[in-house]
Amino acid sequence: MFSYATSRITDLVLGQVSDKPPTSAAYGRTLGFVTNAKLDELEKQREAYKEFSSVLEDANEPSLSMDDEGHALVDRLGILYRSVLEHLAPDEPRLINGTVNVDDLCIWLARVRTDPNFDKKVVKEWIAALESHIKQGERKLEFAKLCGRLYTDWLESRDSVTVRSDVSGPLPQQDTAKGDTKQEGREEMHEQVARLRSIIFQPTNMDTEALEAYLASVFSSKAAQAILDDMRVGMAKFGSALRDRTITANDMRWTVESLLASDLMSPDKRAALREFTDNQTVLEELSNVINMRLRAFGSWKWPNEAITVDMRRYLHGKYRAFTDPDILDALFLQWVGIMWGMKFKSDARDVFHSEAWKIAVPGDAMTSIPSDSVSADVSPSTVNSERKHQRNSLFLTGHLPDNVSPKPFYDEPADAAGDDLGDTAGATVEVKQQLLNILSTECYLNLSLHGSQSIVRTDIDWFGPSLPHESILTILRFFGVKSDWLEFFRTFLRMPVRFPGEPDAHTRVRGTPISYALSGFFGEVVLFGMDFAINQRTNGLFLYRIHDDIWFWDSNPRRCALAWKEMNEYAKLVGLTFNTSKTGSACVQNDGTPPPTALDLELPTGDIRWGFLKFDSKEARFVIDQDLVDGHIKELRRQLGHTKSVLGWISVYNKYMAFFVRNFGGRPAQCFGRQHVIEVTKTLVRVQQEIIGTEGSATGSGGGVVEHLENELAKRYDVHDLPKGYFYFPLSSGGLALRDPLIDILVMGESMSGNARAAIDDALQKEQEPYEIAKKEWELEQRQAAIASGADSGELPPLVYIPFRAYCEISSWNIYQLYSSLAAVHQPRQVQITPLIRSSFTARGRNEVLGSGRESYKGWVYEAYGRDVVRMFGALEIVDPRMIPIGLVHLYKTSRISWDQ
């Protein structure tokens, strides 16, 4: 039978999309219907099981409870054995409670009946095991019913935007009868909508000739001009070849997957897209349509009906204006954007590895050395080579794709966190955490080697919405993109949009729409011009840039000041401004003297912040800003109070706990040390106490998180005496998957080294002897080479070996090892799984590895709470997997939370 996607493909090909695909809400209702049917069947099983469990009463008749020389105990065991054997499913474990195998029990029963000397204690243990098994089965059915009710209540609660039909955030609604505007939604949203409108509908007057002249001056060296000429030739050839490219069904598959990863489309269209990936016929039809659009790309345009803006709220309180294009337009633009993105990333790397790209000499004031000499003459295992690898693999045009992987490589993932840290564990979030680790390690190393460290952090104000179209097109033209593609890009940028509640549409004349692959491409092209300009003007400084979030540092504050001056000149030329609230600098010195101020150096004033961390210049490390935490505790209470279901409450709580942990730096690298782990732990405890136990909280229950949930379950579902593991166990086991953020942090703390600064100082001291040996060997080689060439030994010029500080960064393997170790996040401590937990876990043939790597958390949870679960349910499964509403579980895990607007 064809799926919905197959039946609709003809309409999609013809562009006839008047009726919508089946909504996520309809999908949710279908799952709810199935779950209710399953609950009805479950209730029948419960009634039947009550009959079965009545055997406990039969087995406990007074006549069978005698503990004398008669056969009462044996008869009691026989009744229980026959009942259990009759109701035991074929795939259920035969070992009951780890003490008796039902397949062997018939032999033992015969033995007991014929041997009056058989140990009665053993018989009693078998009886207890069988009775416990019957009671556990009854509990499993009760919790299976509870599980179904929890999911259906969540489905009906509207705690998820995924299962709602009105997914767009509310905006002012015009009352034409009264002529006024009804304000709906939070004030912050209306402020941001007003600011957005003031930017994207206002044209900019760009001096494109000045911008072209600046770029020409930056690429004026012989090496830069050579690589630029190669880029221009390659761009022209690529554009021509791309128009003639044949898109295959496989191309459509990864395009759909990458589009789903971008979080661009509405829930309804995402549901349709998911069906496409599983249907070869649909993919082939789609590839045919997209090929037709590619052949006629010069005539492509947006539909006459404007694209509606969808305002989505993020955890940090900000909103972003998503648009919801037609499926075919989205797929076509996605494919084109990825192709151009991969091309430009490849070209940017060619520039980075060319002789044109400068590399600063470690410890030197303002000079540089050619990049090719570094790569040729230096061991691949040095601090400098590691820096080059990090810059190339993580930060150079990092929002552009390396390949056609469906990972989200542009814009922020869903639910972006504070300070623009993503709320999903995507690639962008991991890179930002690596940046923090690298910066912290670099700070300690530069202080120990060079005696000082200067850091600058900035962000471009409303970068995507404010990018002038003429700047984008001018820079693309400079790099060799031809006019036919420039016109196509101009058409894409001039998107007609309409905000909900507004009758008229407007064409945007500035900025790029969020979450399109082409938008990421345009942004990286513009900012790569800045990357290269700073590299050239400062003789080698590198911008650690994650899209428009920019960091740079150096042991020489003058190099940072020069970079900041040049960045402002470039920003002015391309029509951008820096966000003062996210811009700051810090200077640290090792000798105890006061460092120069930002004003003295002409660096930006303001703090250096990363998430909820603030750089403390006195301690030369990041510390938690508790004032920022307080504001998010207040918001978390509000969001928890907005939920209407138990699962909705847990989902919000888990999101925020992950949000807090990530904004504290995530799993801490070795450079942070134990002090940071202690601070994070104390803060997380405070967060949990204040959202639950304070007067006026959203919950008002007092006590801890688990106690609050126990009270809610008792009040709503009349269930009591729940094992703690029920709350923390995964959804696949029938648990509630409540996240304990302290486990990850505490187990990481056990693997932490001591003070990172002291470790570096110690390593530098030990490196003095190898340095002197290397220096003498080099001097001897130089003399021998000079003598062999016929020079008089008395006329040799003075030999100057590289300074010790530079040696440590470009030659020392030991310093490289320490640098890599300090910047790395080590594996968490492994939990030792006890025999009871392991045997219970593998009872159904599950062979997962517990207690190591990313499974460390699961192992600690099972060890902490597994015994009570095994005692009550006979295994680590609270609910039989066949009784879990799998469809609703998947929907719950993949749904987007409906935040309080």
Side-chain angles (χ1 to χ4, degrees), residues 206-243 297 336-358 371 392 395-402 409-410 460 463-464 467-493 512 516-537 543 545 547-548 566-567 569-571 573-576:
M206 297 296 304
D207 188 346
T208 56
E209 292 183 359
L211 177 56
E212 287 179 353
Y214 177 87
L215 292 171
S217 69
V218 170
F219 282 87
S220 61
S221 71
K222 184 177 179 181
Q225 188 63 54
I227 193 68
L228 177 62
D229 290 342
D230 289 344
M231 179 186 288
R232 287 171 170 171
V233 171
M235 283 286 185
K237 289 182 178 179
F238 177 80
S240 297
L242 193 62
R243 290 179 307 182
F297 85 101
V336 170
I338 291 174
M339 291 295 102
W340 276 103
M342 288 193 298
K343 168 58 179 171
F344 190 80
K345 183 153 196 168
S346 175
D347 286 354
R349 283 178 169 167
D350 287 343
V351 175
F352 180 76
H353 292 292
S354 72
E355 292 184 9
W357 193 273
K358 298 180 180 180
S371 61
N392 176 59
F395 303 105
L396 187 73
T397 60
H399 261 38
L400 294 182
D402 296 287
F409 41 75
Y410 45 84
I460 297 176
F463 174 63
L467 257 178
H469 293 175
E470 289 308 313
S471 294
I472 296 170
L473 299 173
T474 297
I475 297 174
L476 286 171
R477 185 182 300 109
F478 178 82
F479 285 135
V481 178
K482 295 304 181 182
S483 58
D484 53 352
W485 278 106
L486 292 176
E487 285 305 311
F488 173 81
F489 294 151
R490 188 190 301 276
T491 302
F492 165 80
L493 290 167
T512 57
Y516 288 81
L518 277 172
S519 299
F521 164 60
F522 296 149
E524 290 294 342
V525 167
V526 171
L527 292 178
F528 180 74
M530 179 187 289
D531 295 340
F532 190 71
I534 299 306
N535 174 266
Q536 298 296 293
R537 302 297 200 223
L543 298 185
R545 184 173 58 75
H547 212 35
D548 66 316
E566 196 69 25
M567 287 171 64
E569 181 178 350
Y570 184 86
L573 283 169
V574 297
L576 298 171

Should [X] and [Y] count as side-chain neighbours, where that means a heavy-atom distance under 4.5 Å?
| X | Y | answer |
| --- | --- | --- |
| L242 | F297 | no |
| V481 | V525 | no |
| F532 | Y570 | no |

| Pair K482-E487, salt bridge (charged side-chain N to carboxylate O under 4.0 Å, His left out): steps then yes or no | CA-CA 9 Å; K482 295 304 181 182; E487 285 305 311; over 6 Å; no
| query | Could you give the distance from CD (E566) to CD (Q536), rounded to the nearest 0.5 Å? | reply |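 It is 10.5 Å, given to the nearest 0.5 Å.
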| request: Determine the interplanar angle of the H547 and F463 rings, folded into 0 to 90°, and report it as parallel if under 30°, tilted if 30 to 60°, perpendicular if over 60°. | output: perpendicular
| request: Considering non-hydrogen atoms only, spot the tightest contact between F521 and L476 and give its length. | output: CZ-CD2, 3.6 Å
| said: For a quick test of reading the model, state the closest non-hydrogen atom pair linking L486 to R477 and the distance between them. | reply: CD1-NE, 3.8 Å
| message | Any salt bridge linking E524 with R545? Criterion: basic side-chain nitrogen under 4.0 Å from a carboxylate oxygen. | response |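 Salt bridge between E524 and R545, a charged N being under 4.0 Å from a carboxylate O: yes.
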| field | Qualifying residues under salt bridge (charged side-chain N to carboxylate O under 4.0 Å, His left out), relative to R349, sequence neighbours excluded | value | D402
| task | List in chain and number order the residues that pass salt bridge (charged side-chain N to carboxylate O under 4.0 Å, His left out) with D350, two or more places apart in sequence or in another chain; answer none if no residue qualifies. | result |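 Per chain and number, D350 pairs via salt bridge (charged side-chain N to carboxylate O under 4.0 Å, His left out) with no residue.
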Kindly list each side-chain donor-acceptor pair under 3.5 angstrom involving residues 225-238, sequence neighbours excluded, with atom names and distances?
| residue | atom | partner | partner atom | Å |
| --- | --- | --- | --- | --- |
| Q225 | NE2 | D229 | OD1 | 3.1 |
| R232 | NE | F478 | O | 2.7 |
| R232 | NH2 | F478 | O | 3.1 |

